[in-house]
Amino acid sequence: MLQVGFLGAGKSTHRYQGPFIAKLTDKFHIKTIWARNLSHVKWDQIPGAVYTENIDDVLQDPDIDLVVISLPVLHYEYTKKTLLAGKNVVCEKPFTESRAQAEELFDLAKEKGLLCMCIQNRRFDSDFLTAQAVIESGRLGDIYEVEMHYDYYRKDVVDAGKFDPFGSFLYQHACHTLDQAISYFGIPHDYHAEVKQLLGSGRMNDYFDIDLYYDAPLKVNVSSSYMRIKPRPKITVYGTKGMFVKTTEDRQEYDLKRFYMPTPDHPDFGLDRERDYGTAYYYNEHDEYVEDLIKTVNGDYSRYYEAVYDSIVSGAAPLVKPEETLKQLEILETGIKQCQ
């Protein structure tokens, strides 16, 4: 049983991380949660956890094995502080502001024999897992193009937002789909990033289009916008025999936002309805045109923490490899330079 401490007591802790750690009752216990000012915490407290305004109650507690950094900013600073305190650490995305910062943290973790990893739980999104299953079934033939989108219509957010690289749409959202692409297809041998501020300079960037190039003919496109009133399909896969389209995204976040949590009394948490299933369009081995409704593979963000447990307890290789995070940050750094 690993004892867990949190730095940060906001939405990430109580909605996106804590419930999935608490689900693994045989592996983790959430012991301590730190916030600068507990009066600002608006969430129901996690049962059994101690809330504190003294960060040393987390970093200097010899019983705590893992620290989860769930702060919106200062990821580099607090990850370094945690590693220097001798704790294994996982940190919310985006991991750091630069590749150089991440390299320093990974080197420090290696020197101290600690786990240091970016939280990339969206590797376990149902739409992404379903696309993988369809690809691996072979029904689409050889894959030559993949499109991954993460669209919104939030003009009010863009109107109010000022340019901030780390808080930008690129850093905050491309990190999800870039990690998915890199985790499954590998590190690209080349890439091209186009990043825009559709409402003008000085605003938060609200559009990105990133092409990742692999051995011919495969290209993976990661593109999203805050200005699309109707989102594009979440993921589309093109192959030499057909294509697969999944229009809707993983349902876990939908349920979490409605406080429908991954608990035993909610067995349908995060599960797609049939109307949300994707469709494969292809020619079968008899050269017959087929349209198959593909049942969604269940997503489960707790699988990220199962991997964290295996790395700390059994010495398994980290789920999110340092080189994957470094390449992602390189792409983000390259892209954001187009904005001001």
For the residue pair Tyr152 and His173, does the interplanar ring angle fall in the parallel (under 30°), tilted (30 to 60°) or perpendicular (over 60°) class? perpendicular

Would you say the side chain of Thr248 lies within less than 4.5 Å of the side chain of Thr296, judging by non-hydrogen atoms? no

Is a salt bridge present between Arg273 and Asp276, judged by a nitrogen-to-oxygen distance below 4.0 Å? no

Side chain to side chain contact (heavy atoms under 4.5 Å, CB included) between Arg139 and Phe244, intermediate numbers included: CA-CA 10 Å; Arg139 51 163 62 91; Phe244 169 72; over 6 Å; no

Is any side-chain heavy atom of Ser183 less than 4.5 Å from a side-chain heavy atom of Phe128? yes

Salt-bridge present (Arg99, Glu103; N to O < 4.0 Å): yes

Any side-chain heavy atom of Phe28 within less than 4.5 Å of one from Phe20? no

Beyond-backbone contact of Ile21 with Leu66, side-chain heavy atoms, under 4.5 angstrom: no

Sidechain N-carboxylate O distance under 4.0 Å for Glu249, Lys234: no

Residue of the set Ile119, Asn121, Leu319 for which side-chain contact (heavy atoms from CB on, under 4.5 Å) holds with Tyr305: Ile119

Give the minimum heavy-atom separation between Gly18 and Ile46, together with the two atoms involved. CA-CD1, 4.4 Å

Check whether any side-chain N or O of Lys87 sits under 3.5 Å from a backbone N or O of Ile64 as a donor-acceptor pair, and report yes or no. yes

Check: Leu140 and Lys241 side chains under 4.5 Å, non-hydrogen atoms: no

With a 4.5 Å cut-off on side-chain heavy atoms, are Val297 and Gln132 touching? no

side-chain contact (heavy atoms from CB on, under 4.5 Å) test vs Val68 passes for just one of Val90, Leu7, Val308, namely Val90

Kindly indicate whether the side chain of Glu253, heavy atoms from C-beta on, has any atom under 4.5 Å from the side chain of Lys257. yes

Which ILVMFWY residues are connected to Tyr289, directly or by a chain of links, through side-chain heavy atoms under 4.5 Å apart? Tyr144, Tyr238, Met243, Val245, Tyr281, Tyr283

For Gln197 and Phe163 the tightest heavy-atom approach is NE2-CD1, 3.8 Å

Output the distance between atom CD (Glu104) and atom OH (Tyr76), rounded to the nearest 0.5 Å. 3.0 Å

Hey, what's the ring geometry for Tyr260 with Phe269, parallel, tilted or perpendicular (30° and 60° as the breaks)? parallel

Taking the side chain as everything from C-beta on, heavy atoms only, tell me whether Tyr51 gets closer than 4.5 Å to Ile33. yes

For residues Tyr191 and Ile182: do they belong to one hydrophobic cluster (side chain heavy atoms under 4.5 Å, members Ile, Leu, Val, Met, Phe, Trp, Tyr)? no

Please evaluate residues Phe95 and Phe106 with respect to the criterion ring-ring contact (aromatic ring centres under 6.0 Å, His included), reporting the C-alpha separation (whole Å), side-chain torsions for both, the decisive distance (0.1 Å), and the verdict. CA-CA 11 Å; Phe95 186 62; Phe106 290 138; 5.2 Å; yes

What are the two closest heavy atoms between His192 and Tyr213, and how far apart are they? N-CE1, 4.0 Å

Please check if the number of heavy atoms outside Asp142 that lie under 6.0 Å from its CG is greater than 12. no

Looking at every non-hydrogen atom in both residues, tell me the closest pair between Val320 and Tyr304 and how far apart they are. CG2-CE1, 4.2 Å

For the OG1 atom of Thr52 and the CG atom of Leu38, what is their distance to the nearest 0.5 Å? 7.0 Å

